[in-house]
Every structure is written in structure tokens, then in C-alpha cells.
Amino acid sequence: MEDLEIASPDCEPLIEESPRKASSVNNRRKKDKVRFARCYYRRGIVLALSIFVLILVSLMYLWQEESLLDNRLFIDKIWIKPDNIISYEEILQENFQFDIKGHDVMVFLHIQKTGGTTFGKHLVKDLDLERDCQCHRGMKGGVRRKMRCDCFRPGKGEENWLFSRYSTGWKCGLHPDWTELTGCVDTYLQGLEEDAHKRRYFYITILREPTSRFLSEFKHVQRGATWKTATMMCGGRSWGQLLPHCYQGEDWSGLSLDEFISCEHNLAFNRQTRMLADLELVHCYNKTAMSAGERDRVMLESAKSNLEKMAYFGITEDQHVSQYLFEETFNLRFRKVFDQYNATHSSNTLRKLRPKVLQKIRDLNRLDHELYLFGKQLMQTRFDKLKSSDSAYEDHISHLENDKKLQITWKDIDDDD
């Protein structure tokens, strides 16, 4: 007991300090817990962000792969050509020719206000053929009917070699485009001629400088034209009566140029591009199915591709080269040479336009301008290639430049239906 009593004073300080030490330890433990919690929280955030970034990168990679796949499929689809359509490149093959006595058919894709009516008349009236087209008008109910021509093959009864407005008529709709024609012509001719022959189709068209074409369409609409009976078949349905009109009543006659360019539903905008494109690639006339930029890109690329596939196309502003290319491509000759005047209704309108309005029209027809430049370059390439291999080029071009010319007046072109 005495030992314990002696020792107790030495133990008192320890006993007195223990609560402070315990408190200090507890404080450190609390601080450690806080630091640990904070560290754990930060690590959790870093881990969550890492997972999020990984998922995002993976999704972007998958989206990119899918986009590349879609783009490859889109490119492949653009360049797909129906087996029965003969391209210009195929025509260039040795000993290849348009067989008017066989089962070849020329299909004229007639774009409004490009001079197509004038060119269409030359096809049925001025080609030097073994069996000329027989044209007639007739009367119906006391009214003179529009001209129709029977363009039948030599020695083949009533088999058609030309599918156009003046030969077969608008059998695939009023001013049918690429989408309508490629889905209609073969079926129509098979049913009309009741045979199982496999036909070869040679598509042809005419391009025109876009601003002049647009103004020419404006003047035509101003005089009362509407083309409101056009079916505009695409994707298995007719869109003609589904699309909104820019006018109320029977027509849009008497409108101003400002009204014409202000209607967002105006089909005159980029008409050449739209009519040469495969519209099923852009969901036909449903403009909500894809962005405007993507729709424009796809439509333009498709139109360029289809122009390249065509056996022939001409340009209104270059009659000599256009006629030369047609005659050499099909080994057919026109009896007269085409020429042209330089004045049109649209050119007169063009000269009066304010620069700001002119620029707006060009912007609204941006796709057509790009297509037209592409077409001019492509036509020049074709011309140079044919010229280099044509031993009779000098005689041929001399004939086009010096023989009696068949005047193609711009007034005729502007007055085309």
C-alpha cells in the first residue's frame, strides 16, 4: 500500500493528461475522416468523369463509324445505275452505237425553260432518219390539239425509239424528272408495246444558265403558267397535290418578281438540280426528314452523278458544241444547223435588276449554279475527247458553222411551255 501511495503522485500527471490526448486523437481522427471523405469524393468525381468521357468517346466513335458507313452507302447508291440505262462512257466503247432499228430508246428529260420545247421539236421534225417521225395535230371538240408525232423504228411497225413530250406525250407526268422517268418509262413501254424485249435507255437533257432560266420561268408564271397538274411521283406516292402553292386561285399571273422570289415553296428554286437528282435519296419532298444543308448536299451530288450517267446533255448557251455532241454520240444528223439570237425576255429583265436582287436570285439558285458549272466542264471534257478521236471533225464543225442555220430564237425558248 505504501508503495502504491508513493507511486501515485508520479501517476497523477499521466491521469490528468489522458483526456487531452484522447481529445487530440479524436480530433485527428475526425480530420482524417474528413480528409479521407474529401479524397474519396474527389476520386469518385474523377472516376465518374473518366467513365463519362470513355462512354462519350465510344459513342462518338460508333457514331462516326455509322456516319462513315451511311456515307459509303449513300455514295454507292448515288453511283448505282439501272442496268437498262446506257451511260456516255459505255457509248464511247468501240463499235457501240444507238440502234434505232433494235430496242434502244432515247428518253428526253425536259426541264422547264431550258429551251427543251424547241429542242424537242427538232428531235421529231429535223433529224435525218430512215423513217421520219410523222407529226399531226388534229381537232378535238372543235379545238386544235397539240402536236403529236409518231416516232417509230424503221421496219418495226409501231415501236417507239423516242420517249418525249412530242412523241409519246407526258406519259410519266407533266415535265417528269429523273425520279419519275426512271421509275416509269420501261413499265409504260412494256405495257404499250406488249413485248418482253429488254430495252436500252439513253437519257438526254438540256441545261441553261440558272439565273436566266429562273427569270424566264418567272415571266412564264407571270403570264399564267402553273404546271399544277404535275404528279411529282416519288417513293410510291404523288406529291403534286400535297405540296403548298405560292398562290391562291387558278394561277399566279400578274405577280411581281419580289413575290416570286419571296415564296419559300417556289419550285423554281434550283429546279435543274432537283429534276436531275434521285429524290428518294432525300426522302422525296419531305423537307423535315433531314437538315437543309444535308438535303442540299445529297441532292447536288446526285444531280451531278446522274448528269454524268446521261448519254447526252446539251447547254442552251452553246448550240454548236451541243449539236456536235448529239450528232457524234448517236451517229444521227439534223437536217439544219442550230443557231441562236442573243436577246431574251429574261435577259432584258436581267439588265434591269438591281445588284442586290440579282445576288439574291443567285443565292436562291446556288445549287443550280454549281451544277451548271459542273455541266459546262463536263461538256467541254466530252467535246475535247470526241474531237480528238474524230477524223472528220473539221468537216463536221465547218458544216455547223457555215451551212444554212435553223434559228433558235431566245423568244422561242422563253415562250416554251
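Please read these numbers as outputs of a predicted model, since none were measured by experiment. Numbering of residues begins at 1 and proceeds along the displayed sequence.
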task: State, yes or no, whether a side-chain contact exists between Tyr312 and Ser322 at a heavy-atom distance under 4.5 Å.
output: yes
- prompt: Nearest 0.5 Å, what's the CG-CZ distance between Leu371 and Arg366?
  reply: 12.0 Å
message: Check Cys149 against Cys133 for me: are their SG atoms closer than 2.5 Å?
response: no
- prompt: How close do Gln222 and Leu255 get, heavy atom to heavy atom, and via which atoms?
  reply: NE2-O, 2.9 Å
field: Spacing of Leu54 atom CG and Leu49 atom CG [to the nearest 0.5 Å]
entry: 12.5 Å
field: Exercise: identify the closest heavy-atom pair between Gly157 and Phe152
entry: O-CB, 3.4 Å
- prompt: From Leu276 CG over to Ser302 OG, what is the distance, rounded to the nearest 0.5 angstrom?
  reply: 9.0 Å
field: Gln319-Gln323 side chain donor-acceptor pair, cut-off 3.5 Å
entry: no
Closest heavy-atom pair and its distance - Gly173, Pro176: O-CD, 3.0 Å
message: Between Tyr201 and Phe163, is the ring centroid distance below 6.0 Å?
response: no
query: Quick one: does NZ or CZ of Arg271 land under 6.0 Å from the six-membered ring centre of Trp227, within 45 degrees of the ring axis?
result: yes
query: Counting only N and O atoms by type, is there a donor-acceptor contact under 3.5 Å from the side chain of Thr205 to the main-chain atoms of Leu109?
result: yes
- prompt: Rounded to the nearest 0.5 Å, how far does CG of Leu92 lie from CD of Glu328?
  reply: 11.0 Å
- prompt: Are any side-chain N or O atoms of Asn365 and backbone N or O atoms of Ile361, one a donor and one an acceptor, separated by less than 3.5 Å?
  reply: yes
task: Start with the C-alpha distance between Arg333 and Asp128, add both sets of side-chain angles, then the distance that settles salt bridge (Lys or Arg N to Asp or Glu O under 4.0 Å), and finish with yes or no.
output: CA-CA 6 Å; Arg333 294 291 186 268; Asp128 188 6; over 6 Å; no
message: Quick one, Phe260 and Asn266 - any side-chain contact, counting heavy atoms below 4.5 Å?
response: yes
- prompt: Do Tyr324 and Leu400 have side-chain heavy atoms sitting under 4.5 Å apart?
  reply: yes
message: Run the salt bridge (Lys or Arg N to Asp or Glu O under 4.0 Å) test on Lys309 and Glu89 for me, step by step, so that the C-alpha distance in whole Å, both residues' side-chain angles and the decisive distance to 0.1 Å come before the verdict.
response: CA-CA 8 Å; Lys309 293 170 191 171; Glu89 292 301 321; over 6 Å; no
query: Checking Ser212 side chain against Arg208 main chain: does a donor-acceptor pair fall under 3.5 Å?
result: no
task: Check the surroundings of atom CG in Asp384: do more than 12 heavy atoms from other residues, nucleotides or ligands lie under 6.0 Å from it?
output: yes
- line: Nearest heavy-atom approach of Leu162 to Val124 is CD2-CG1, 3.8 Å
field: Criterion side chain to side chain donor-acceptor pair (under 3.5 Å) on His283 and Thr288, from CA distance to verdict
entry: CA-CA 9 Å; His283 306 280; Thr288 63; over 6 Å; no
message: Within the structure provided, determine whether Ile261 and Lys360 are in side-chain contact (heavy-atom separation under 4.5 Å).
response: yes
message: Could you go through Ser262 and Glu259, starting from their C-alpha distance and side-chain angles, then the distance that decides it, and tell me whether this counts as side chain to side chain donor-acceptor pair (under 3.5 Å)?
response: CA-CA 5 Å; Ser262 296; Glu259 289 175 310; over 6 Å; no
- prompt: Taking the six-membered ring for Trp, are Tyr247 and His245 parallel (under 30°), tilted (30 to 60°) or perpendicular (over 60°)?
  reply: parallel
field: Residue of the set Tyr88, Phe326, Phe202 for which ring-ring contact (aromatic ring centres under 6.0 Å, His included) holds with Phe98
entry: Phe202
- prompt: Where the side chain of Glu209 meets the backbone of Thr211, is there a donor-acceptor pair that is under 3.5 Å apart?
  reply: yes
field: CA sep, side-chain torsions, deciding dist, call: His122, Asp126, side chain to side chain donor-acceptor pair (under 3.5 Å)
entry: CA-CA 5 Å; His122 296 324; Asp126 298 316; 2.8 Å; yes
query: For the residue pair Phe334 and Phe338, is the inter-centroid distance of their aromatic rings smaller than 6.0 Å?
result: yes
query: Are Val105 and Arg200 close enough, and set up right, to give a side-chain contact (heavy atoms from CB on, under 4.5 Å), and what steps lead you there?
result: CA-CA 6 Å; Val105 180; Arg200 299 190 307 180; over 6 Å; no
- prompt: Going by distance alone, is a donor N or O of one side chain under 3.5 Å from an acceptor N or O of the other, for Lys356 and Gln359?
  reply: no
query: Measuring from Thr187:OG1 to Lys171:NZ, what's the distance to the nearest 0.5 Å?
result: 15.0 Å
field: Min side-chain heavy-atom separation Lys101-Arg153 under 4.5 Å
entry: no
query: Do you see a donor-acceptor pair shorter than 3.5 Å between the side chains of Glu193 and Tyr188?
result: no
- prompt: Would you say Lys156 has more than 12 foreign heavy atoms packed within less than 6.0 Å of its NZ?
  reply: yes
message: Go through it in stages, so that I can follow the logic: the residues are Phe119 and Phe108, the test is ring pair (Phe, Tyr, Trp, His ring centres under 6.0 Å), and I'd like the CA-CA distance, side-chain angles, deciding distance and then a yes or no.
response: CA-CA 10 Å; Phe119 181 73; Phe108 180 31; 5.5 Å; yes
- prompt: What is the minimum heavy-atom distance between Ser216 and Lys113, and which atoms define it?
  reply: OG-CE, 3.2 Å
message: What's the separation between atom CG in Leu127 and atom CD1 in Ile100, rounded to the nearest 0.5 Å?
response: 8.0 Å
- prompt: With a 6.0 Å cut-off on ring centres, are Trp252 and His220 close enough?
  reply: no
Any side-chain heavy-atom pair of Met106 and Cys151 under 4.5 Å: no
- line: When every non-hydrogen atom of Leu300 is compared with those of Thr273, the smallest separation belongs to CA-CG2, 3.9 Å
message: Within the 4.5 Å heavy-atom criterion, are Leu192 and Glu158 side-chain neighbours or not?
response: no
- request: Might you confirm whether atom NZ of Lys228 has over 12 heavy atoms from other residues, nucleotides or ligands at distances under 6.0 Å?
  value: yes
message: Can you see whether Ser256 engages Asp258 through a side-chain donor-acceptor pair at a distance of less than 3.5 angstrom?
response: no
- prompt: Do we see a donor-acceptor contact under 3.5 Å between the side chains of Thr231 and Glu180?
  reply: yes
- prompt: Is there side-chain contact between Met379 and Arg382, with at least one heavy-atom pair below 4.5 Å?
  reply: no
query: For Arg223 and Ser253, does a side-chain donor sit closer than 3.5 Å to a side-chain acceptor?
result: no
task: Identify whether the distance between the nearest side-chain nitrogen and carboxylate oxygen of Arg213 and Glu217 falls below 4.0 Å.
output: yes
Salt-bridge criterion met for Arg335 and Asp132 (N-O under 4.0 Å): yes
message: Under the criterion ring pair (Phe, Tyr, Trp, His ring centres under 6.0 Å), I'd like the reasoning laid out for His110 against His175: C-alpha separation, chi angles, the key distance, then a yes or no.
response: CA-CA 6 Å; His110 180 175; His175 282 285; 4.6 Å; yes
message: Between Arg199 and Leu189, does the side-chain contact (heavy atoms from CB on, under 4.5 Å) criterion hold? Intermediate values first, please.
response: CA-CA 9 Å; Arg199 296 171 177 79; Leu189 288 180; 4.0 Å; yes
- prompt: Do Tyr203 and Asn306 have a side chain donor and acceptor closer than 3.5 Å?
  reply: no
query: In terms of side-chain heavy atoms, does Glu294 have a donor or acceptor partner in Ser291 at a distance below 3.5 Å?
result: no
